[in-house]
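Just so we're on the same page: letters track the sequence lines, and every chain starts at 1.
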Number of protein chains: 2
Amino acid sequence: MPCGLEDEIFNYSPYGDGTNDVEDIPGLGQYDDFQTIDWQRDLARDRMRHRYLVKRSTDSIFDLIKGGFDASSGWLCVLFVGLAAGTVASVVDIGTTWMTDLKYGICPEAFWLDEEQCCWSSNETTFGANNCSQWLTWPQMLGVESEGAGSYILSYMFYVVWCLLFAGLAGMLVKTLAPYACGGGIPEIKTILSGFIIRGFLGKWTLIIKSIGIMLAVSAALNLGKEGPMVHIAVCIGNILSYMFPKYGRNEAKKREILSAAAAAGVSVAFGAPIGGVLFSLEEVSYYFPMKTLWRSFFCALIAAFVVRSIDPYGNEHSVLFYVEYNKPWMFVELIPFLFLGAVGGLIGTLFIRANIWWTRFKKNSKLGQYPITEVLLVTLATAIVGYPNPYTRMSSTRLIYLMFSQCGIANDDLLCDYNRNFTDVNSAVELAEAGPGVFQAVWLLSLALILKISLTIFTIGIKVPAGIYIPSLCMGAIVGRLVGIAMEQLAYNYPTFWGFSGECSANSDCITPGLYAMVGAAAVLGGITRMTVALVVIMFELTGGVRYIVPLMAAAMASKWVGDAFGKDGIYDAHIAFNDYPFLDNKEEFGHTTLAADVMEPKGAKTLSVLTQDSMTLEAVETILRETTHNGFPVVISRESQFLVGFVLRRDLLLAIGNAKRTQDGITGESLVIFSPTLPTQWVGPPPLKLRRILDLAPITITDQTPMETVIDMFRKLGLRQTLVTHNGRLLGVITKKDVVRHIKQMEDSREFYNLPFP
Amino acid sequence: MPCGLEDEIFNYSPYGDGTNDVEDIPGLGQYDDFQTIDWQRDLARDRMRHRYLVKRSTDSIFDLIKGGFDASSGWLCVLFVGLAAGTVASVVDIGTTWMTDLKYGICPEAFWLDEEQCCWSSNETTFGANNCSQWLTWPQMLGVESEGAGSYILSYMFYVVWCLLFAGLAGMLVKTLAPYACGGGIPEIKTILSGFIIRGFLGKWTLIIKSIGIMLAVSAALNLGKEGPMVHIAVCIGNILSYMFPKYGRNEAKKREILSAAAAAGVSVAFGAPIGGVLFSLEEVSYYFPMKTLWRSFFCALIAAFVVRSIDPYGNEHSVLFYVEYNKPWMFVELIPFLFLGAVGGLIGTLFIRANIWWTRFKKNSKLGQYPITEVLLVTLATAIVGYPNPYTRMSSTRLIYLMFSQCGIANDDLLCDYNRNFTDVNSAVELAEAGPGVFQAVWLLSLALILKISLTIFTIGIKVPAGIYIPSLCMGAIVGRLVGIAMEQLAYNYPTFWGFSGECSANSDCITPGLYAMVGAAAVLGGITRMTVALVVIMFELTGGVRYIVPLMAAAMASKWVGDAFGKDGIYDAHIAFNDYPFLDNKEEFGHTTLAADVMEPKGAKTLSVLTQDSMTLEAVETILRETTHNGFPVVISRESQFLVGFVLRRDLLLAIGNAKRTQDGITGESLVIFSPTLPTQWVGPPPLKLRRILDLAPITITDQTPMETVIDMFRKLGLRQTLVTHNGRLLGVITKKDVVRHIKQMEDSREFYNLPFP
């Protein structure tokens, strides 16, 4: 130990005055479960540690290497997170494909292959839907003829049974092993990233069960996606791997940098959208997002996308889910339907959020909430029974979205593409054509599918299996969009001379692409539900490769957000945060009220503030205060009479320090003075005092009682405070904690709704 | 006037306690030139104004409309900014094309047409470079044969003369009419957005002269681009249009929201990259960027891009500058050259920045700096004379970049595409082929062009004409990349069996695309010079439409940044900010020193702090302090003895209020008491007092003397403070201003360089 270090330990102060954070009292600087973290304190601790390492690095070559490792550990950590997230995502993708196909049949020669791989290995040239002899459907396995009612009913039964099996298993796993693995997890991740501790939410069991559960839940044909859970999975990976690096594992504020990067990687692997992932992390989930984190997130997302591309679980070279081939320019006049789609998306989003929250509240207050597995099975049963007969609900959501986005080329033989057109040349453009009877049938089936999807998704999001909202939203939107697209296409076919089409819609040209409308509709509904804008557009065009369609996507996203916000500000995540009363301080909303710090601070009225004095309280008095109050910390003042503020001490630190002193220091009694000042008071005789200056924060953030709450909220948001002390002309008046602030905002919001002002 | 308003005016306080900001004293809340703005105060003023309007909105239908207009004015303003920015950008584009062609010849029938339009109107089917009879080169106009040495020399002369004319005119315009219009303007915009006032920098003259000047400068074939200046032009538009909306025009903090959005629109129109623009604004130029601004920037960029797309100045449908057609997947092994290109880009960037700063410093200290027009003419002359003979330096930079990015398809007859290959089918892939003699010649010419471009650009950036660094950077990078690409291609042709190519490089396949290397190289050099990452990649792939190449671009951008940062942290903008000593508080750099607020605060040593007391100073005493000091504001304390802090008052407000009182209030003499407290002191007899409580900020931000400077810097950055007051146990000790903080950071940085620690 280099000389002088002992002094440094002695001079230890939570906010650091040039010393290091060698924590001689174990547990100092950690948090209990469900506590708010103190960003400033944690970041200060990290800077101290860093400086200590830099100082040591000149001592020996070992210390130099240690310092170098520490300096690069941020990049190393996100590298590992990216690699792990990519790998897990690929495994989940492969598993999901296999189990999804398992509902219909099996590859008897190699049961671990899904239908496509099974048929691929068979070397048959045409391996369409039911054209491969290696792959046997369940009726075929049982020896039943593959045509006819018997086979259909048998397939139906197998389908329903598999769905129930998968969903039930997922529910059981979640219930017994990892209760935090249910749902999407994004509201909780937002809360955690905003500086809150929820132990176990990002643990290894959550990771494992969520990964398995999401494969089961998606395979059970429920109306949910694996994209939201993928973010949760990636953040779990980030949390677990951060423990490899003391810089991040032992510092909650720094750890959140890794978690932000991991969230970006999660979206990156879920959609094959690395840039969209970074923007998602920035716009939607992150709270503290310095530029350094932007670069690391970028790197993390890149690595993760790269791993997925290398493993190639989708089996195409694009590493994007819904690659679209067309790149036909769009016309000016099409902005009208795009904006219309945006508005519809905003409406659907708002309705969905309200219905979902209403149902969640109803469940919470009813007996149904006590039988989660029953609920899972009921929803699955309904989804499977209602879904099977309609080809558009039977196919997986991702396949349906892909179909909606695609163009009716020569190879597409779906009902949807039953146009009266002749393909003379493979390379020719897809001409405008009259819809055949198949298209009309498809329109009816799709309308039905839309209604089913919307109503079932409302009940599905909230059941106790891992469940994401992205794919269902995209799915609903894609259907709406495709329907509008088909309508526009037939309009253009019947009225090609309408001036808006500016002559581009002559008989043999391709002037309207219904797939593009599906894309725009998907973005609109997803925007309406999540209220993302920039991240949404980037994800959408990374998802589809449709770089040409930024303007339509942007227009729809804006319209969707405007319409949605007109009916209620919160996206689905914020709505769930508000519903669950998480201590989340939104950094988007503006606070427009005129309250002052004096109105919010505790104590109010006749109550007095619990304070410690710097050099006149005995250990017994301090312990009495600790026993009788539950505050997380106490201001330290010069004397009770003057109330001039000296500093702030945390309850946890105080308890640890007192316990430590009792163990290690002789002669400590209840009569010992507790001293926070640098020197002992003169003329003191008695038992040896407890010197606790080193646990005293000498630089607490203070405000005056006249500070408007807007400024106070701004300080809490931007500085990441846990509490602030309120003074008047230098005298301590009270304390405002983060929870006081969140409560106050909620109160004021409620009162504003009551007054119902004309504009916010 | 509704009843009660008079009270509100009386109770006016800068930080608002529920009153409005009807400014009865003109000029209150404004700033002088070269001052730092107080974000908290300005935002508080805006919230007060907003609340006042909301309150009034129930009074009458007129007030309701006024309130509605106010609520939507943010969106309206960015809408107008987007429209205007798109229009101006299109005009600049068209003008530039025309003037660039004017160097070579003219369309005698319609002189206002550029070569392409001239030949387009001629209805000739083949309108290649010199194949149109309508377009006459200058030798042709003079009746000289178009072939032969005479014609060449004449063309050369005309070229040089036009270049000198354009550049000289640009220089004259800038010098005489708008000195702020020179250069790119981005360092200054960063400084302004961080909260600094530079009057005239964003004014209408700057806008007009910069728009004209950039057309001239680009047409003069100088090594500069119009993309950086386009950002400046857009921000000028934002500033000018913000005056239409009092919410933004009269509030410096709110105005910066519009300016951030305008910067996004600037990049959006410059590159046809709306999302890249938003990210550029976020990552590079903006300081205060709430989520609301993200959405508005997005909208503004969308509108601007849309206008450009509608006017279509590039004459292609992509509305992107360098649309690439190929979408061939890249191979794993190619990551090695991509990373290599990234490293080279980082090196070129660092060298460029150092050389440019060195040259700028040299000019500043030498006589050359006093003759800006001479300098412009000299640089132009050198560029024109050296540039004309080499076809790659003669063509415009944008055309060169396009050529570098493009694939050697059947239609490309440049030297660069002189491969020994036969195109049998138009649709066939571009096979790997042996380079012909033309390619080798092109490689030599390109190497020469690269050296010329690098050295000339160093001298060009900094001359007194509008000049952007983007296009020159992209150009250098594209050349480097293309050279590496050709090398890789020939490597693959000669050693197709190398395992890294994993069998994809058989004789008749297209396995290496040199154009992709050019793209990656361009991103690398641009990254090395600007140190952008995410914004860079998004701009690059919006610029080229190469959505497949995100990973290569990301890899090169990261490598470039790492290598660049190893040799010097600052990008070109930050380097210029540091060189010019702008009061810019970087929000990216971490401050890693152990100083405390007590070390930085003023006054130090024996000097005493200039304070006012709340109720015991006469007007004469206050005016003496105002005369004898130059501080921008003064703390108000209870009494000089106790130094307990009451509030803070700004010099400007104090001067205005005193002047106002002298004009409007009778009996004010030098003996009048200046009262900041709510009540008069008891037993006071004398002339009527000056009640100034309403200009007193009762909630100044305070810190303790033990606060680490890291925290203080964080507060300045995140809360946008102008100053903070330093207290100890409630007593006022001193003041820290933003300039103190910037100075302190600079001092500490310099001392760190002195110690030369092993890692930062």
Residue [X] versus chain B: region with a heavy atom under 4.5 Å:
| X | answer |
| --- | --- |
| A:L732 | neither |
| A:M558 | side chain |
| A:L725 | neither |

[X] portion near chain A, given a 4.5 angstrom heavy-atom threshold:
| X | value |
| --- | --- |
| B:F306 | side chain |
| B:L335 | side chain |
| B:W39 | neither |
| B:E283 | both |

Criterion side-chain hydrogen bond (donor to acceptor under 3.5 Å, both in side chains) on A:T727 and A:T702, from CA distance to verdict: CA-CA 7 Å; A:T727 61; A:T702 59; 4.9 Å; no
Flag, side chain of A:S297 to backbone of A:T293, donor-acceptor distance under 3.5 Å: yes
Side-chain donor or acceptor of A:E542 paired with backbone N/O of A:G276 under 3.5 Å: yes
Option that, when pairs with chain B are counted at under 4.5 Å, heavy atom only, ranks first among A:L43, A:T707, A:D714, A:L302: A:L302
Residue selection (most heavy-atom pairs with chain B, distance under 4.5 Å) from A:V278, A:V637, A:V534: A:V534
Parallel, tilted or perpendicular: rings of A:W562 and B:W75 (30°, 60°): perpendicular
Taking all heavy atoms of [X] and all of [Y], pick out the closest pair and write down the distance.
| X | Y | answer |
| --- | --- | --- |
| A:K561 | A:R531 | NZ-O, 3.7 Å |
| A:P708 | A:L596 | CA-CD2, 3.7 Å |
| B:R693 | B:P678 | NH1-CD, 3.2 Å |

Max heavy-atom pair count under 4.5 Å with chain A, selected residue of [options]:
| options | answer |
| --- | --- |
| B:N729, B:L279, B:T704 | B:N729 |
| B:I703, B:V646, B:I275, B:V537 | B:I275 |
| B:A557, B:A555, B:G730 | B:G730 |
| B:L282, B:T595, B:L719 | B:L719 |

Output field: ring centroids B:W330/B:Y549 closer than 6.0 Å: no
Check ion pair A:R41-A:D697 (N to O, under 4.0 angstrom): no
